[in-house]
J.: 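This is the structure, below, for whatever I ask next.
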Amino acid sequence: MSVPTPSAATQAFISQPIGLFINNEFVLSDSGNTLELNNPATGEHVASVAHGGISDMERAVASARQAFDDSEWSRMRPRERQNLLWKLADLMERDGQVLAELECLNNGKSAAVARAMDVQLCIDFLRYMAGWATKLGGSTVEPSLPLLPDAHFHGFTRREPIGVVGAIVAWNFPLLLACWKIAPALATGCTIVIKPADETPLSLLKLAELVKEAGYPAGVLNVITGPGSVVGAALSSHPQVNKLTFTGSTQVGQTIGKAAMDNMTRVTLELGGKSPVLVLEDANLEEAIAGAAQAIFFNHGQVCSAGSRLYVHRKHYETVVQGIAEIANNMKLGNAMDPSVDMGPLISKKQQNSVQRFIDQGRAEGARIVCGGESFGPGFFVKPTVIADVKQDSELVQEEIFGPVLVCQPFDTLEEAVQLANDNIYGLGASIWSNDLAAVHRLIPQIKSGSVWVNCHSALDPVLPFGGYKLSGLGREMGEEVISAYTEHKSVLIKV
Ligand code: NAP
Ligand code: MG
């Protein structure tokens, strides 16, 4: 069967010159430079987008500042902000197929999965945050003030939008990571300048078109494409930016965090991970095998919370390892515009080489390559790989590989399982596979990670906050908790 071609609407979007999005207009970069995008599954040219520099970023921040300080947007009532978010979600629903195809062409991920997962989660999250727009309350309190015993006071707090948000995102979920930042910014009344990864700007630029169509005032959302080391760094240290929110590597997150501190810019960091999957003695093995395979191979392993370290009770170790390998061996790799393909390519040659280096290192260390272990082209493919009998102190176990590579070890006791799970610099997610409620509840508080999933993995929902312990980040996205990341909490005391 030949690979389906993208829809006419998608082709129309990528065949026009695509600019930066500033003040509700697509514009060229000051330098006139463009960024050429190729399909990671085929190497074929996909589109050209304007490639921004520092002066473009300055224009975008000025536009966001103006929109925040003095505009229709700053005077808009919560109800209208709610309605605009609903409108934007409806437009994403209408153009869901285009958005999903852009993700596929630009990132290599499955178009069908992107429509069902990435785009749908964006729509759901926009609607969830739309509900919050009208519920951003403070509280009333009764102060005591010991030095003024006879005076009367009225004390209350209010939530105010934090201001101009600077957002920088990675390439693995280009649209979803952006919406996790855009939706709370728009719900709370902030304005935003967002920089996609240079590999994957297309879906976000399409979203910008929908933001304008939905009726957002000019300057509320601005998109700047350009190199992170230039545009991203300048955005991070910009004094007119009140809040920075970043999804990417721990290394860049640390740089951004330090830059933010110079201006006391508020900061949220969603960083790397090396999430453990614990299969306990009583687990339903069929479910655990399928779930562990999904935990590592979903999105080709390019997931911050991917279940990339597997720890199995020794009694079932070989069964689970072989079961996951069998699933891996049956996966169809290829251009994921084809809905029958299970796994597309990695994002780039650089990523393919980096993942292959880890696999080769495992081989050299004497670990057992149970399946996969190879890269191939054209395109940047790595076969889904299971590596057994690795050593806990190996870089394969300690470092984020960010590809379809699972490392496996057995354990004997629950204490040992917890110790192995926590023995890592990251703490983003973990899953426990078991029906022994007592054991599960004993483990949950002991696992040092922002999320713990039981009999599922990387299952995300707008109602639950998401973020990391340890070097996996700072702050939380989603859930009620995200409101505090996009607002200042003002205390008011009135002597009456
Ligand atoms: P990355 O190199 O840190 O890049 C992420 C973003 O930061 C890109 O937009 C990049 O721009 C920009 N950037 C690079 N250098 C910068 C600098 N000096 N100042 C400001 N911005 C800069 O990460 P990646 O390799 O693309 O993404 C993979 C990483 O993201 C993994 O570690 C993964 O775990 C993490 N991640 C975390 C989560 C989470 O929610 N915790 C979710 C997804 C991914 P350019 O690419 O345009 O240069
Ligand atoms: Mg990049």
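Each ligand, and each atom within it, is numbered from 1 in the order the structure gives.
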J.: Could an N or O of ligand 1 be found under 3.5 Å from any N or O of Gly248, whether backbone or side chain?
T.: yes

J.: Side chain, backbone, both or neither: which part of Asp198 comes within less than 4.0 Å of ligand 1 when only heavy atoms are counted?
T.: both

J.: Quick one: which residue pairs count as a side-chain hydrogen bond (donor to acceptor under 3.5 Å, both in side chains) with a foot in residues 294-303, not counting sequence neighbours?
T.: Lys109-Asn299

J.: Which atoms of ligand 1 have any heavy atom of Glu400 under 4.0 Å away?
T.: 31 (C), 32 (O), 33 (C), 34 (O)

J.: Please state which part of Leu271 comes within less than 4.0 Å of ligand 1, counting heavy atoms only: side chain, backbone, both or neither.
T.: backbone

J.: At distances under 2.8 Å, what protein N, O or S atoms surround the Mg ion (ligand 2)?
T.: Glu199 OE1, Glu199 OE2

J.: If you count the atoms of ligand 1 from 1 in the order shown, which ones are under 4.0 Å from a heavy atom of Thr247?
T.: 5 (C), 36 (N), 37 (C), 38 (C), 39 (C), 40 (O), 42 (C), 43 (C), 44 (C)

J.: What do we get for Leu177 next to ligand 1 when only non-hydrogen atoms under 4.0 Å count, side chain, backbone, both or neither?
T.: side chain

J.: Looking only at non-hydrogen atoms, which of Leu35, Asn172, Val169 approaches atom 8 (C) of ligand 1 most closely?
T.: Val169

J.: Just jot down the ligand 1 atoms closer than 4.0 angstrom to any heavy atom of Ile168, in number order.
T.: 6 (C), 7 (O), 9 (O), 12 (C), 20 (C), 21 (N)

J.: Just heavy atoms, cut-off under 4.0 Å: does Gln251 contact ligand 1 by side chain, backbone, both, or neither?
T.: neither

J.: Run the numbers for me: atoms of ligand 1, each under 4.0 Å from some heavy atom of Trp171, listed by number.
T.: 24 (P), 25 (O), 26 (O), 27 (O)

J.: Quick one: which residue pairs count as a ring-ring contact (aromatic ring centres under 6.0 Å, His included) with a foot in residues 390-409, not counting sequence neighbours?
T.: Trp171-Phe402

J.: Between side-chain atoms of residues 218-226 and protein atoms elsewhere (two or more places apart, or another chain), which donor-acceptor pairs fall under 3.5 Å?
T.:
from, atom 1, to, atom 2, distance (Å)
Asn222, OD1, Asn23, N, 3.0
Asn222, OD1, Ser63, OG, 3.2
Asn222, ND2, Ile192, O, 3.3
Asn222, ND2, Gly219, O, 3.0
Thr225, OG1, Ala50, O, 2.5

J.: Taking the non-hydrogen atoms of Phe246, is any one of them nearer than 4.0 angstrom to ligand 1?
T.: yes

J.: Determine if the distance from atom 25 (O) of ligand 1 to the closest protein heavy atom is below 4.0 Å.
T.: yes

J.: Record the part of Pro196 in heavy-atom contact with ligand 1 below 4.0 Å; permitted values are side chain, backbone, both and neither.
T.: backbone

